[in-house]
Amino acid sequence: MRPILFAPLLLAASLCLPPAAAQTPLTDTPPPLQPLTVDEAFSSARFAAPRLSPDGRYLALLAARRGRMGLSIFDLQEGRYESHIGFIDADIAQPMWLGNGRLLYTLDQHGQSRKTQLRQGGLFVISRDGQQERKLHATFNDWVNSSRRRYTSMTPVQAVPDSDEEFIGQCNDVDKDSVDLYRVNAATGKRQLLTAQRPARTIDWVLDPQLEPRVAISDVERTTERVVHYRDADGRWRELWRFRTGRDDVRLPVSVEPDGKLLVATNEGRDTVALREYDPASAQWGDVLIEHPSYDVAVDAFGDDIGVLLRSANGELLGVEMDTTRPVFAWMDERRRRLQTLVDQALPGRINALQFSASSQVFVSSRSDTEVARWYLLDSVSGRLREVLNVQPGLDARRVPATETLALRTRDGLPLSAHVLRPPQASPAAPLPTIVIVHGGPWVRGATWGDADGDMAMARWLASRGYQVLLPSFRGSTGFGKRFALASRGQIGLAMQDDVDDALDALIQRGVADPQRLCIMGASYGGYASLMAVARTPDRYRCAVASFPVSDLARQLTSDWGDLSRHHEARALWIDMTGDPVKDKAALDAVSPRYLASRIKARVMIVAGQHDQRTPLEQAEFMRDALRRAGNEPLWLAKFGEGHGFSLRSSHQEMLDMLEPFLAEQLAPLKPHR
């Protein structure tokens with residue numbers, strides 16, 4: 001099998017390569033490459049979310065039509081579209097096959113502000129030919145126009161094997177603190193509750209192969225504690241473990257194996273989270289099945305999902321996508337591992353995501369740091385790999401800044417990862433004006449190699465305009481093990497800032513960053529960190545761009561304007577990691593930029609949403625007013641109707657129109673002294 005598969009893969013891939021550079025006459029000075037446009041850097045791809053049908057014959061995909069994302073079904077065997085489904089006032093999102101004849105989907109509204117986003121959510125089923133449709137759960141707009149007191153949502157969990165009609169869905173309609181599971185018939189709309197007897201405050205479930213709820217994960221009100229329950233054969237629930245987020249080792253089941261053993265994401269006795277077998281009958285741990293010495297698998301040190309669990313349409317766990325230096329795929333069986341290796345050899349230097357079907361057809365979505373995606377179809381028997389679609393065909397990859405990953409050390413010896421982007425035609429050794437982008441969270445994974453949006457999209461846009469861009473993963477960033485994540489406790493504004501400085505110092509020491517032309521920017525926590533950077537080291541940065549920032553830590557934890565004070569579990573984690581807003585107010589004020597404005601010499605640009613519930617508008621206003629009192633008037637942009645991030649295209653464009661000249665002015669070359 002291996003020789004038959006290997007050679008055609010390489011041959012087919014070679015046929016898809018662009019023309020060789022030698023076909024273009026070489027010159028000593030190649031023509032300058034144009035910077036990326038706003039659409040090229042930030043706009044969503046015209047095609048997204050490809051889903052191969054279980055039988056491998058059809059491809060469902062989201063496609064832009066008349067300004068909205070609709071659902072298209074392509075017959076791979078006949079080479080033609082079978083149907084197009086769309087709306088004039090809403091976008092289709094999260095398509096999922098239900099057998100080979102139906103699809104589930106929900107609604108979204110791209111380009112709408114918080115004040116105008118109404119026709120979203122809900123759950124719908126539609127036949128493959130687009131002729132039969134049923135609403136299975138209400139949209140947000142339905143709720144607004146109803147008399148119900150709270151909004152509920154239903155999310156499909158997995159399809160029922162050998163059925164074109166039934167699926168398992170979860171819904172929060174029984175009580176506001178829990179989600180329950182239902183067996184739903186999409187053809188009739190009827191549903192059966194599967195979790196009538198369950199632990200209180202259940203927030204997640206794991207099904208066994210017979211689709212019985214076997215594991216329930218709950219939380220303890222107003223704490224960071226989670227409890228893992230197991231349901232024995234007699235139907236009774238018993239507690240397996242409990243752990244405090246950010247304090248104890250993580251133990252979260254992600255799958256029930258056919259023999260009844262659990263596959264558990266745990267970092268017990270180790271630094272990184274691994275997938276390990278556990279026998280609930282004997283209470284004995286078994287083999288470690290998937291692990292990495294430097295990166296977490298499936299779940300991070302705070303118990304939150306990281307990477308992707310790769311499952312079949314029927315819920316079987318097939319493998320894991322891990323966010324290492326770049327995303328990699330670890331499959332549970334040898335056949336899939338072998339196919340992954342062969343595709344990676346055929347399409348080297350790329351992230352190659354595989355979708356499997358019951359047939360020999362394997363769908364491959366392939367992307368890199370300079371190309372959004374190309375889609376291929378692999379026949380795993382013949383070895384034929386053919387290109388189906390180039391998602392962004394008009395973009396010259398030479399114009400997209402490449403991403404370099406650095407492996408560094410913090411001043412106290414922790415491993416430190418960072419991404420660097422330079423202009424495509426920049427000399428490798430030339431010292432460039434450098435912009436640091438600090439990710440939000442802070443207890444999340446920052447940008448990863450090959451990301452198409454978020455901080456990486458901004459980094460590409462900036463780097464294409466002549467700047468070097470640095471994206472550091474400071475302590476507290478998740479996915480790098482518990483030691484690195486928990487080293488951030490009590491270090492907001494302190495060692496977390498040191499890590500950003502250490503990453504920037506590494507570029508300066510390499511001689512590739514101009515120490516006289518530095519700027520720092522970020523959103524949410526990244527906005528906070530940018531303001532703290534220019535307050536801690538007033539002479540280092542020429543400018544800071546703080547979007548949706550926190551400027552007063554104690555107030556952020558107590559303000560009724562924001563959702564953090566109402567989300568008791570999230571607030572408890574923040575207090576545990578940063579300090580109590582009453583008992584530790586003096587310490588929090590000492591690292592709150594609002595009270596350090598008089599130290600700031602850099603020019604500051606502040607971006608805010610007037611309807612931001614995560615970091616309320618008052619946080620940005622506190623900083624603006626403090627800078628004004630210090631005689632350092634900031635550039636200010638606050639948009640009505642926008643929340644924690646700009647959704648409206650016009651708002652985003654206005655921000656970029658302010659940002660580009662602001663950076664150009666602040667990072668202009670120094671004029672020589674006369």
Side-chain angles (χ1 to χ4, degrees), residues 294 324-326 369 401-439 442 446-449 455-456 458-460 462-477 480-481 483-484 487-488 491-522 526 529-545 599-603 663 666-673:
S294 303
T324 63
T325 304
R326 60 182 64 182
D369 56 332
T403 303
E404 178 189 3
T405 302
L406 303 181
L408 309 169
R409 288 278 174 181
T410 66
R411 63 190 66 182
D412 57 350
L414 292 176
L416 179 64
S417 176
H419 297 303
V420 178
L421 289 81
R422 289 172 66 84
Q425 291 179 311
S427 170
L432 297 177
T434 299
I435 300 170
V436 182
I437 298 181
V438 185
H439 72 71
T448 58
W449 190 95
D455 286 343
M456 193 61 81
M458 176 62 78
R460 291 193 185 100
L462 292 170
S464 76
R465 278 156 174 74
Y467 303 107
Q468 177 173 244
V469 184
L470 171 68
L471 302 100
S473 292
F474 50 87
R475 73 188 64 200
S477 302
F480 301 94
R483 181 186 175 209
F484 190 76
S488 63
Q491 295 303 312
I492 193 167
L494 301 170
M496 294 168 74
Q497 297 290 146
D498 291 340
D499 294 347
V500 176
D501 288 340
D502 291 346
L504 181 55
D505 284 339
L507 292 187
I508 294 173
Q509 291 166 8
R510 290 172 60 180
V512 296
D514 184 346
Q516 303 302 316
R517 292 193 287 167
L518 304 176
C519 186
I520 188 167
M521 65 187 294
S530 299
L531 295 171
M532 273 303 299
V534 293
R536 290 179 90 218
T537 52
D539 297 315
R540 178 161 224 194
Y541 297 95
R542 287 203 203 173
C543 60
V545 182
R599 293 175 49 85
I600 296 175
K601 299 179 182 179
R603 284 298 313 280
L663 293 174
Q666 301 308 315
L667 296 180
L670 292 171
K671 295 181 180 179
H673 295 289

Interatomic distance, CD@Gln497 vs CD@Gln491, rounded to 0.5 Å, equals 11.0 Å
Residues at least two apart in sequence or cross-chain that pass side chain to side chain contact (heavy atoms under 4.5 Å, CB included) with Ala668, listed by chain then number, are none
When rounded to the nearest 0.5 Å, the distance separating SG of Cys519 from CD1 of Ile435 is 5.5 Å
Sequence neighbours excluded, the answer for side-chain hydrogen bond (donor to acceptor under 3.5 Å, both in side chains) partners of Thr448 is Asp451
Nearest heavy-atom approach of Pro433 to Gly466 is CG-O, 4.1 Å
- [ ] Test side chain to side chain contact (heavy atoms under 4.5 Å, CB included) on Leu462 and Met521 and set out the steps.
- [x] CA-CA 12 Å; Leu462 292 170; Met521 65 187 294; 3.8 Å; yes
Residues passing the ring-ring contact (aromatic ring centres under 6.0 Å, His included) test with Phe480, sequence neighbours excluded, are Tyr295, Phe484
By side-chain hydrogen bond (donor to acceptor under 3.5 Å, both in side chains), Arg540 pairs with (sequence neighbours left out) Asp501, Asp505
### Query
Can you check whether Leu663 reaches Cys543 side chain to side chain, under 4.5 Å on heavy atoms?
yes
Output for pair (Leu414 CG, Asp412 CG), nearest 0.5 Å, gives 4.5 Å
Closest non-hydrogen contact found for Ala513 with Thr434 is CB-OG1, 3.3 Å
Scanning both residues in full, the closest heavy-atom pair of Gly526 with Ser530 reads O-OG, 2.8 Å
Legend entry - Any donor-acceptor pair under 3.5 Å from Arg326 side chain to Trp449 backbone: no
Residues at least two apart in sequence or cross-chain that pass side-chain hydrogen bond (donor to acceptor under 3.5 Å, both in side chains) with Arg536, listed by chain then number, are Asp498
Taken to the nearest 0.5 Å, the spacing of Leu471 CG from His439 NE2 works out to 9.5 Å
side-chain hydrogen bond (donor to acceptor under 3.5 Å, both in side chains) filter on Thr537, not counting sequence neighbours, yields none
> So, Arg460 side chain and Leu421 main chain: donor-acceptor pair closer than 3.5 Å or not?
Replying inline: no
Heavy-atom check, side chain of Val420 versus side chain of Leu507, under 4.5 Å: yes
Q) Can you check side chain to side chain contact (heavy atoms under 4.5 Å, CB included) on Leu518 and Ile508, steps first, answer last? A) CA-CA 10 Å; Leu518 304 176; Ile508 294 173; 4.2 Å; yes
Minimal heavy-atom distance between Ala503 and Leu408, with the atoms involved, is CA-CD1, 3.9 Å
Nearest heavy-atom approach of Val512 to Pro428 is CG1-O, 3.6 Å
*asked:* Tell me whether Arg422 contacts the main-chain N or O of Ala430 through its side chain, where contact means a donor paired with an acceptor under 3.5 Å.
replied: yes
In this structure, CG of Asp539 is separated from NZ of Lys601 (nearest 0.5 Å) by 3.5 Å
Taken to the nearest 0.5 Å, the spacing of Arg475 CZ from Leu416 CG works out to 8.5 Å
**Asked** So do the side chains of Val545 and Gln666 get within less than 4.5 Å of each other, counting heavy atoms only?
**Response** no
Val436 vs Pro472 side-chain heavy atoms within contact, under 4.5 Å: yes
Only residue of Thr403, Thr405, Thr325, Asp455 satisfying side chain to side chain donor-acceptor pair (under 3.5 Å) with His419 is Thr405
Between Val534 and Ala544 the two heavy atoms that sit nearest each other are CG1-CB, 3.7 Å
Main-chain N/O of Arg411 paired with Asp502 side-chain donor or acceptor, under 3.5 Å
yes
